[in-house]
Amino acid sequence: MRATEFLSRTLRQDPNEAETVSHRLMLRAGMMLQAAAGVYSYLPLALRSIKKIERIVREEMNAAGGQEVLMPTLQTLETWEQSGRAAAFGDNLFRLFDRRERPLVLAPTHEEVVTAIAGAHIESYRDLPLNIYQIQTKFRDEPRPRAGLLRGREFVMKDAYSFDTDQEGLDVTYQRMRVAYRNIFRRCGLPTIEVEADSGAIGGKDSHEFIMPAQSGEDVILYCEESGYAANVERATSIINPALEGEPLPLEVVDTPGITTIADLAVFLGISESQTLKAVFYQADAETVLVTVRGDIEVNEVKLKNHLHCLDLRLANAEEVAAAGLTPGSTSPIGLSGIRRIADTSILQGNNFAAGANQPDKHYQNVNYPRDFEVDETVDIATAREGDGSPDGQGTLKAVRGIEVGHVFKLGTFFTTTLGVDFLDESGTLKPPVMGCYGIGVTRILAAAIEQNHDDKGIIFPAPIAPFQAHLLALNATDPDVRAAADALYDELSSAGCEVLYDDRAESAGVKFNDADLLGLPVRIVVSPRNLKQSVVEIKRRRADEAAQVPADGVVAAVRDLLALDEL
RNA sequence: CGGGGAGUAGCGCAGUCCGGUAGCGCGCUACGUUCGGGACGUAGAGGCCCCGGGUUCAAAUCCCGGCUCCCCGACCA
């Protein structure tokens, strides 16, 4: 492709709306154009990259036994009401009406439709296992789209769904898909960390996310180098530091004027926060619950929500707290009843705690569980932290931010049961197939790849997903000799199957070098009067500092060699 | 949904307080000179100042209403 004919223009200044690296670089490089919040046109540079990612995904999905289909984006709201997920998705579901005022949605995902496809096909165990996937645009009305392609409202996703006869069959398929995912990210040239993930309210038991480490990521993962444990913070468990433990002392009330926070209480009493108990009030749908954790531990709301099986969970507001008869700033489960009391297992670590006395300006000291209070449940609802012990007892956890680029999930029989899909097993019994689902954010991979591969001059594309393999620069492009030599080289490379972006513009050398660095194609080839005099062409990897001079007839081979360095 | 910021030429911005000719840099067009890390000169083109009302002799500027976009948080199988 000749730059003079190419639908792309670089910008010399950063667009004002872009702050995140990938967003900024993609706009500056002329890869895409924003149409609305979280909605973009993909220009040729971006689309070429996306197609390459899709190709790798497709090959690995096919190799893993997947069959490609294309399901409708436009779906009836009724479909979503049958599965009960219209409410669960809430405002994230794009809704519209047809000319007869029938409600429709733009699909954010496809479990309902794929289950219908499976239902139409599956009669007996002989039809299983089945693995169906598609690569398609998804719509989610995100509360806050951000950072270009990292979180859009319209994005390209590969979603796959598997159907097996039983849990053991799903285990096999699930492992196979995990391997396929590892292959995909490796072939894209993108290191990812595979972590245990939250499986949510409807979830089965297993769920893993593929996280690409990046500062701009929205996810935090905790991992342990010693043991290999890795989990999303939403899901991670850990061994917390022990608190002081001594002979249980008698409960006593102390005056704590004006003390309403754990930090103040610890300072006031001259103890560490781990020697206190903290009470937090949540509103779980219509119910107010009292949550007790050790003072130095934060409540993990994802764990709590999963435990409560509620649709909506948030901190209770002042009215709800008052209605429950609680004393903010000085609450504890001691002597409280008539409210659901949940405690984190951290209260079992340590004793002689300081805790609220359920009246203003007073706290208890030497609180011991279960001697001094009761709770309804003691469960793990703690947020694991960097520095905590790995849950397997080996080593300590470290934290890193990252971008979720893939998610595999054991769904179980929720959809097949709800939507009435079953099969006849070998003994003649009707059973629901066991499902798994597997997603990859294709457009998100592109953004994440740039987050992970750039420098202060621009993008550094991994070769397998670069829009072009080589960037051919003709310096002094108006010089007839340069023009002739560069044209010839462009033809030669093209017919050798190399994807070349040929900068044949009449721009100065500096402009071309800077644009080449910005676009970040893996190999840069320079034809110039200076090189022509010595009968050489200059070749440089984007990742490397130094360029090499090669004879004109050795360019194709040299480009191949450099590209091979990026193939994995 | 809470908090903050912004809409003026393709991009980045000034002008708005204090109403009176719509400006700067980059980019774009033409010609000439340059030519290995964002060259220079000359001459040009390019505007629904986000939208709708209002005030005024006169509104980018003041008043009212709305829309859009960005950032932080909440949220996000």
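Residue numbering restarts at 1 for every chain, and letters A, B, ... go by the order of the sequence lines.
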Whole angstroms only, please: what is the CG-C1' distance between A:Asn300 and B:rC75? 15 Å
Could you give the CG-to-C1' distance, from A:Asn92 to B:rC1, as a whole number of Å? 13 Å
Using purine N1 to pyrimidine N3 plus N6-O4 or O6-N4 for Watson-Crick, or N1-O2 and O6-N3 for G-U wobble, each under 3.5 Å, what pairs with B:rG52? B:rC64
Starting at atom CZ of A:Arg151, determine the distance to atom C1' of B:rC72, rounded to an integer number of angstrom. 15 Å
What is the ring orientation for A:Phe468 with A:Phe6, classed by angle as parallel under 30°, tilted 30 to 60°, or perpendicular over 60°? perpendicular
Is the distance from OP1 or OP2 of B:rA6 to the nearest side-chain N or O of A:Asn16 less than 4.0 Å? no
For A:Pro143, report the nucleic acid contact type (base, sugar-phosphate, nothing); a contact means any heavy atom under 4.0 Å. base
NZ-CG distance between A:Lys303 and A:Asp344, expressed to the nearest 0.5 angstrom: 7.5 Å
Once you round it to whole Å, what is the distance between P of B:rG10 and CG of A:Leu27? 16 Å
With heavy atoms under 4.0 Å as the rule, sort A:Ala474 into base, sugar-phosphate or nothing. nothing
Quick one: what's the B/S/- string for nucleotides 25-38 of chain B, heavy-atom cutoff under 4.0 Å, read 5' to 3'? BSSS------BBBB
Heavy atoms only, 4.0 Å cut-off, all strands: where does A:Arg144 land among base, sugar-phosphate and nothing? base
For nucleotides B:rC13 and B:rC70, find the distance between their P atoms and express it as a whole number of Å. 15 Å
A:Phe185/A:Phe210 aromatic ring centres below 6.0 Å: yes
Using the rule side-chain contact (heavy atoms from CB on, under 4.5 Å), only one of A:Thr73, A:Val105, A:Leu106 pairs with A:Phe94; which is it? A:Leu106
Salt bridge check, A:Glu196 against A:Arg235: does any charged N sit closer than 4.0 Å to a carboxylate O? yes
How would you label the contact of A:Ala36 with the nucleic acid (heavy atoms, under 4.0 Å): base, sugar-phosphate, or nothing? sugar-phosphate
Touch class at under 4.0 angstrom, heavy-atom based, for A:Glu111 against every strand present: base
Spacing of the P atoms in B:rG5 and B:rC75 (rounded, Å): 24 Å
Now, which nucleotide makes the Watson-Crick or G-U wobble pair with B:rG19, with each of the two distances under 3.5 Å? none
Determine the Euclidean distance between corresponding C1' atoms of B:rC67 and B:rU21; express it in Å to zero decimal places. 31 Å
Strictly below 4.0 Å, N to O, side chains only: are A:Arg178 and A:Glu194 in salt-bridge contact? yes
What distance, rounded to whole Å, do you find between the two C1' atoms, one in B:rG46 and one in B:rA30? 15 Å
List the steps and the verdict of side chain to side chain donor-acceptor pair (under 3.5 Å) for A:Thr416 and A:Thr413. CA-CA 5 Å; A:Thr416 45; A:Thr413 56; 5.0 Å; no
Rounded to whole Å, the CG-P distance (A:Asp219 to B:rC76) equals 12 Å
What is the distance from CG of A:Leu150 to C1' of B:rC70, rounded to the nearest Å? 15 Å
Sugar-phosphate, base or nothing in reach of A:Glu404, heavy atoms under 4.0 Å: nothing
Measure CE/A:Met32 against C1'/B:rG10 and give the value in whole Å, please. 17 Å
Find the partner of B:rG73: check Watson-Crick (N1-N3 plus N6-O4 or O6-N4) and G-U wobble (N1-O2, O6-N3) distances, both under 3.5 Å, and reply none if neither fits. B:rC1
Between B:rA22 and B:rC18, how many Å separate the two P atoms, rounded to a whole number? 22 Å
Closest nucleotide of RNA chain B for A:Phe89 versus for A:Ala37: which of these residues is on the 5' side? A:Ala37
Atom-pair distance (CZ on A:Arg153; C1' on B:rC69), nearest Å: 11 Å
Would A:Lys512 and A:Glu507 pass as an ion pair if we require N to O under 4.0 Å? no
Step-by-step side chain to side chain donor-acceptor pair (under 3.5 Å) determination, A:Glu451 to A:His454: CA-CA 7 Å; A:Glu451 292 293 330; A:His454 67 272; 5.6 Å; no
Base paired to B:rC28 (Watson-Crick or G-U; both N/O distances under 3.5 angstrom): B:rG44
Say we look at B:rA58 and B:rG20: how far apart would their C1' atoms be, to the nearest angstrom? 7 Å
If you take the centroid of each ring, where Trp contributes its six-membered ring, are A:Phe409 and A:His407 closer together than 6.0 Å? yes
Pick the closest RNA chain B nucleotide for A:Tyr161 and for A:Ala18 by heavy atoms, then say which residue is nearer the 5' end. A:Ala18
Classify the ring geometry between A:Tyr438 and A:Tyr174 as parallel (under 30°), tilted (30 to 60°) or perpendicular (over 60°). tilted
Residues touching RNA chain B, which here means a heavy atom under 4.0 Å, drawn from residues 437-448 of chain A: none
Across all strands, who's sitting opposite B:rU33 as a Watson-Crick or G-U wobble pair, both distances under 3.5 Å? B:rA39
Can you tell me, in whole Å, how much space there is between the P of B:rC57 and that of B:rG52? 22 Å
Of all the choices, B:rA74, B:rC76, B:rC13, which nucleotide is nearest to the side chain of A:Glu142 once you look at every atom? B:rC76
Nearest 0.5 Å please: distance from the CE atom of A:Met31 over to the CG atom of A:Leu47. 10.0 Å
C1' spacing across the pair B:rC26 / B:rC62, given as an integer number of angstrom: 33 Å
